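What you are looking at is a predicted structure, and each value in this text was computed from that prediction instead of being measured. Naming: A, B, ... by sequence-line order, numbering from 1 per chain.
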Amino acid sequence: MTTTEIQNSIIEEFNMFDEWLDKYEYIIELGGELSDYDDKDKTKSNLISGCQSRVWLNAEFVDNKVMFNADSDAIITKGIIALLIRIMNNRTPEEILETDLFFLEKIGLKENLSPTRANGLVSMIKQMKTYGLAYKALRDSKK
Amino acid sequence: MTTTEIQNSIIEEFNMFDEWLDKYEYIIELGGELSDYDDKDKTKSNLISGCQSRVWLNAEFVDNKVMFNADSDAIITKGIIALLIRIMNNRTPEEILETDLFFLEKIGLKENLSPTRANGLVSMIKQMKTYGLAYKALRDSKK
Amino acid sequence: MLDINKIRNDFPILNQKVYGKQLIYLDNGATTQKPNQVIDYVSEFYSTINSNIHRGVHSLSGKSTEEYENARLTIKDYINANSEKEIIFTKGTTEAINLVASSFGEEYINEGDEILVSQTEHHSNIVPWQMLCKRKKAILKVVPVNNNTEIVIEEFKKLLSNKTKLIAISQVSNAFGTIMPINNIIQKAHKVGAYVLVDGAQGVQHFKTDVQYLDCDFYTFSGHKIYAETGIGVLYGKEELLNKMPPYQGGGDMIKTVSFEKTEYADLPLKFEAGTSNYVGAASIAKAIDYINSIGLDNIYEYENDLVNYARKELTKIKGLKIIGSPTNNTSSISFLLNGIHHYDAGMILDKLGIAVRTGTHCAEPAMKRFDITGTIRASFSFYNTKQEVDELCKGILRVKKMFD
Amino acid sequence: MLDINKIRNDFPILNQKVYGKQLIYLDNGATTQKPNQVIDYVSEFYSTINSNIHRGVHSLSGKSTEEYENARLTIKDYINANSEKEIIFTKGTTEAINLVASSFGEEYINEGDEILVSQTEHHSNIVPWQMLCKRKKAILKVVPVNNNTEIVIEEFKKLLSNKTKLIAISQVSNAFGTIMPINNIIQKAHKVGAYVLVDGAQGVQHFKTDVQYLDCDFYTFSGHKIYAETGIGVLYGKEELLNKMPPYQGGGDMIKTVSFEKTEYADLPLKFEAGTSNYVGAASIAKAIDYINSIGLDNIYEYENDLVNYARKELTKIKGLKIIGSPTNNTSSISFLLNGIHHYDAGMILDKLGIAVRTGTHCAEPAMKRFDITGTIRASFSFYNTKQEVDELCKGILRVKKMFD
Ligand SMILES: Cc1ncc(COP(=O)(O)O)c(C=O)c1O
Ligand SMILES: Cc1ncc(COP(=O)(O)O)c(C=O)c1O
């Protein structure tokens with residue numbers, strides 16, 4: 001599936017919920033299911049500081065695909081990370097760079113992406129793009 | 001006449017005017033009639049600076065009475081000075097210190113006495129009181 | 001007794017729904033809401049008398065100036081300053097503290113001098129002193145607080161010496177609502193010749209402050225935390241001190257005369273008010289104080305005290321909820337944690353229930369560090385809040401707990 | 001063409017009588033009036049979404065923050081800055097200039113360096129540089145103006161050297177309405193490696209300003225002079241420069257992390273915005289810009305230009321009236337004298353006729369000294385003024401003359 005298709009299916013999933021709390025309950029669920037993040041990767045250089053919640057992100061480049069791993073101390077942030085990973089993980093650098101993350105607005109969770117919300121998510125997305133850019137350059141330089 | 005009596009008669013004079021412009025015309029007239037101020041007394045130490053108009057004030061102490069002389073470069077200020085001199089001139093230090101200048105409010109010219117109007121009048125009145133205080137001290141010290 | 005229904009009607013913002021739920025605004029420590037008396041006054045000001053103040057010869061300018069200078073008098077009376085010359089308008093508490101750090105610092109702080117702050121100060125009462133200390137090679141020392149978020153007076157006494165030049169301390173801690181023993185601190189400070197700045201941002205709106213009785217050297221607060229507009233605040237300083245301090249910013253209004261050869265600065269208070277002042281904001285503080293006086297500051301204190309005690313009691317009943325500190329003297333703010341639930345998560349869900357609380361470090365990172373936490377959930381109260389709202393908060397917290405279990 | 005009746009209806013303050021006479025407000029250089037679009041927005045803000053900005057997790061805080069940050073974007077577009085990081089909110093022009101004098105001065109000005117200002121600058125664009133020069137042992141040099149109140153470019157070129165580090169110049173002189181040749185000045189300055197601060201307080205509201213096209217290093221203006229609230233202003237600075245400058249004030253919001261060991265400052269623009277910003281004021285600037293855009297800045301320019309030309313022509317017809325300077329490029333303000341009549345006297349009487357003008361030095365004493373006068377009468381115009389009002393001004397002046405003859 002393309003990143004757009006995944007986003008559309010996320011939007012569909014969220015359309016099921018009428019109530020705000022139900023949406024958040026689902027996000028919390030997703031946050032709980034996010035695959036384990038290795039504590040040894042909770043390094044300072046992987047830390048994306050936000051005032052409100054902290055986010056850790058690391059990435060590997062395998063077979064021209066970027067593999068992301070991320071975590072947060074707040075579970076709602078973690079739930080949104082789970083959605084972001086679902087869309088962005090295991091993608092080529094080009095896909096990562098081209099993806100426009102429209103789903104958060106559509107599911108009414110745009111507020112979580114306000115730069116001033118300081119939960120670390122905006123910086124995390126920036127960081128994902130930066131990884132995309134870096135791995136692209138790395139790959140191209142090896143050609 | 002006491003300073004209160006003079007103020008009351010000034011208030012009566014101004015009661016004749018219905019129009020603002022007439023009041024000011026009268027003040028301008030008074031300003032024109034203010035007795036000449038010696039140019040050599042326009043010294044820096046006699047200058048009371050206001051942003052809007054400048055005021056010069058000097059005083060002498062004769063027979064236990066304070067004699068004031070004052071001038072301004074703006075004629076409206078000068079007109080109000082004329083009224084102040086009429087009330088405060090040739091008075092004992094005690095009279096000067098005790099006088100409450102209520103007439104400006106009563107004739108609707110209080111605005112001219114706003115400290116932030118910066119026409120020098122507030123400082124001038126303060127200065128008159130200071131002269132009163134100084135001459136009183138001087139006199140008492142000689143007793 | 002306050003007529004709470006009448007009061008709540010004065011605050012239009014309270015009467016609204018958030019995510020379909022009635023708004024419960026418990027973020028008064030961050031900023032207070034404004035009564036119609038203030039909002040309408042601001043509109044009226046701009047609609048009828050607005051004009052730049054000072055030195056204007058025309059009628060509107062005179063009226064605007066009068067509102068501005070009368071506000072200074074109202075504030076002088078409210079905190080019982082000795083003279084209106086001691087009331088300087090600033091952008092807010094932060095600017096007021098920076099002004100003191102810069103101007104007082106320039107004149108009074110030298111290499112090796114010591115400045116004391118408490119461990120629970122707001123960043124605005126830490127960073128300006130750090131910057132000053134760096135500039136002047138002075139030393140910033142930290143007075144610790146105990147587990148109840150109270151200043152440890154014994155430690156304070158140990159840190160105090162004749163090297164101490166200034167103590168900068170909040171009247172009420174914004175993170176925990178702790179009322180600081182500033183009376184005691186000021187007396188002890190003066191004995192060694194140190195000056196005291198009291199950051200009153202969280203005190204001035206809750207109980208009577210008398211700067212002459214306290215004998216503090218500086219006192220600061222923000223308009224937006226006392227029911228007035230944003231973008232305006234007050235620095236009180238003792239006249240004698242302010243006179244000795246060099247001006248802070250330069251520009252219009254703070255000068256007597258300007259020439260390229262020699263510029264003379266204006267007298268107090270204008271000396272510290274460069275540029276067009278926020279005269280509407282300043283006047284809005286007076287209107288807010290009028291409003292407070294119409295209710296009665298003592299009545300407010302009593303009501304809020306009762307409310308906060310109730311909140312502390314009710315919150316304590318919730319399993320897994322831990323209030324940070326139970327200071328003997330406290331007011332307005334309660335900081336707490338929920339076992340196993342991140343403060344951000346809790347705040348997000350409470351918001352969805354219509355309940356506005358603040359989460360995070362509350363601009364007091366060192367205080368968080370002291371308690372080895374990354375943040376708290378803070379509910380902060382005003383006299384327009386009710387016990388019913390406290391009950392809703394408690395219910396909301398139970399709901400949050402259920403969601404994260 | 002402007003629909004002037006509709007426009008005047010937007011400004012409630014204009015529709016009033018002063019001393020029984022219809023108000024004619026010609027003091028727009030001191031401050032502009034506010035349209036209902038701004039006044040109502042401010043009320044609405046306080047009545048529905050007010051909450052402290054940044055870092056709040058609750059809904060109102062998010063909305064307030066959004067208004068604030070969107071205002072930054074609106075302003076960025078209005079002056080065509082490259083990035084919203086270059087838009088710093090300050091109290092006003094005066095604070096913006098002080099910020100640059102302090103922070104840029106700290107980093108870039110050293111002993112013996114030279115700073116140039118023009119002879120007709122506002123005190124706010126003189127005193128901060130005097131203070132900086134004193135602090136740093138730098139030298140303030142003055143670029144003279146000719147009898148038409150225009151910068152003498154030949155003299156400017158003579159003063160410019162590779163010792164020159166900064167030129168601080170107004171876009172439009174507030175005392176005389178002269179449009180300064182800032183384009184030319186900026187180009188020449190950059191050739192010798194000097195930076196340029198443009199004080200746009202009297203320019204930004206009258207014609208299109210493009211900071212990237214101008215290539216100025218700093219640009220400043222005040223909200224209250226562009227139809228927005230008092231107590232808010234803007235500093236534009238090139239990102240690269242702002243990044244290199246140390247912070248100005250310390251406190252909440254301008255930090256990344258605070259500890260007693262080490263404090264890290266926030267990135268632009270927050271690095272320069274210590275304390276609770278005047279977020280309502282900032283948002284009011286955006287609303288004022290929306291209003292200006294709804295009329296069209298080019299239309300405004302054309303209308304005002306026509307109006308001021310008319311005023312110059314009509315005033316010139318009055319015997320004994322002398323306009324100070326007839327600069328080729330001018331806008332908005334006209335300063336004049338009446339033979340044998342003190343400016344204060346004239347202003348007082350005009351006020352009684354309902355006409356609000358400013359008199360005195362207009363916070364530009366050195367400019368007065370240049371023309372060997374103690375002050376002027378200044379009429380300053382906005383797009384809500386009319387030719388009819390100009391006629392009333394002229395009639396008023398004739399009345400004044402009659403009274404003092
Ligand atoms: C050219 C100029 N510069 C600076 C200022 C100062 O602006 P503010 O008082 O809003 O800081 C003014 C306003 O009087 C001005 O006209
Ligand atoms: C105790 C304390 N000090 C200082 C401040 C800073 O006030 P402002 O942001 O209004 O400058 C605050 C407000 O957050 C505070 O609570």
Side-chain angles (χ1 to χ4, degrees), chain C residues 12-13 18 27 30-31 33-34 39 42-43 46-48 50-52 55-60 91-92 94-95 98 122-124 126-128 130-131 142 222 224 230-232 249-252 255 257-260 263 274-276 278-281 344 347-348 351 356 358-360 363 365-366, chain D residues 12-13 18 27 30-31 33-34 39 42-43 46-48 50-52 55-60 91-92 94-95 98 122-124 126-128 130-131 142 222 224 230-232 249-252 255 257-260 263 274-276 278-281 344 347-348 351 356 358-360 363 365-366:
Chain C
I13 203 171
V18 169
D27 194 16
T31 201
Q33 298 304 342
K34 325 301 172 198
I39 299 174
V42 169
S43 287
Y46 282 126
S47 301
T48 59
N50 175 59
S51 199
N52 209 329
R55 290 190 298 258
V57 293
H58 59 81
S59 167
L60 294 188
K91 269 201 291 201
T94 302
E95 180 172 66
N98 277 276
H122 189 281
H123 294 163
S124 291
I126 297 175
V127 183
Q130 288 183 320
M131 290 164 77
V142 184
S222 298
H224 70 95
T230 308
I232 186 74
Q249 299 180 333
I255 52 86
T257 63
V258 172
S259 75
F260 288 115
T263 289
T276 300
N278 187 353
Y279 51 86
V280 184
Y344 178 74
M348 287 293 281
D351 177 47
R358 195 139 287 236
T359 64
C363 287
E365 279 182 47
Chain D
I13 202 172
V18 169
D27 194 16
T31 201
Q33 298 305 342
K34 325 301 171 198
I39 299 174
V42 169
S43 288
Y46 283 126
S47 303
T48 58
N50 176 59
S51 200
N52 209 329
R55 289 191 297 257
V57 292
H58 59 82
S59 166
L60 294 188
K91 267 202 291 201
T94 303
E95 180 172 66
N98 277 277
H122 188 281
H123 294 161
S124 292
I126 297 175
V127 183
Q130 288 183 320
M131 289 163 77
V142 184
S222 298
H224 70 94
T230 308
I232 186 75
Q249 300 180 332
I255 52 86
T257 62
V258 171
S259 74
F260 288 115
T263 289
T276 299
N278 186 352
Y279 51 86
V280 184
Y344 177 74
M348 286 294 281
D351 177 46
R358 194 138 289 234
T359 64
C363 288
E365 279 184 46

Using a 4.5 angstrom heavy-atom cutoff, name the option from [options] with the most pairs to chain C.
options                      : value
D:T94, D:T230, D:V127, D:T48 : D:T230
D:V258, D:T263, D:I39        : D:V258
D:T359, D:V280, D:N278       : D:N278
D:I255, D:I232, D:T276       : D:T276
D:S47, D:S43, D:C363, D:A356 : D:S47
D:I13, D:V18, D:V42          : D:I13

How about D:P366 and D:H123: do any of their side-chain heavy atoms sit closer than 4.5 Å?
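Yes - at least one pair of side-chain heavy atoms lies under 4.5 Å apart.
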
Side-chain contact, heavy-atom cut-off 4.5 Å: C:L60 with D:D27?
no

When rounded to the nearest 0.5 angstrom, what is the spacing between CD in D:Q249 and NZ in C:K91?
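So the gap between those two atoms works out to 4.5 Å.
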
Residue part contacting chain D, namely of [X], when any heavy atom lies under 4.5 Å:
X      : value
C:V142 : side chain
C:N50  : both
C:Q130 : side chain

Looking at every non-hydrogen atom in both residues, tell me the closest pair between [X] and [Y] and how far apart they are.
X      : Y      : result
C:P12  : C:K34  : CD-O, 3.7 Å
C:G251 : D:P128 : N-CD, 4.4 Å
D:S124 : C:G252 : OG-N, 2.9 Å

Please assess D:H224 against C:N52 for the test side-chain contact (heavy atoms from CB on, under 4.5 Å), listing each intermediate value before the final yes or no.
CA-CA 9 Å; D:H224 70 94; C:N52 209 329; 3.7 Å; yes

Proximity breakdown for D:T257 and chain C, heavy-atom pairs closer than 4.5 Å
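Contact with chain C: backbone and side chain both.
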
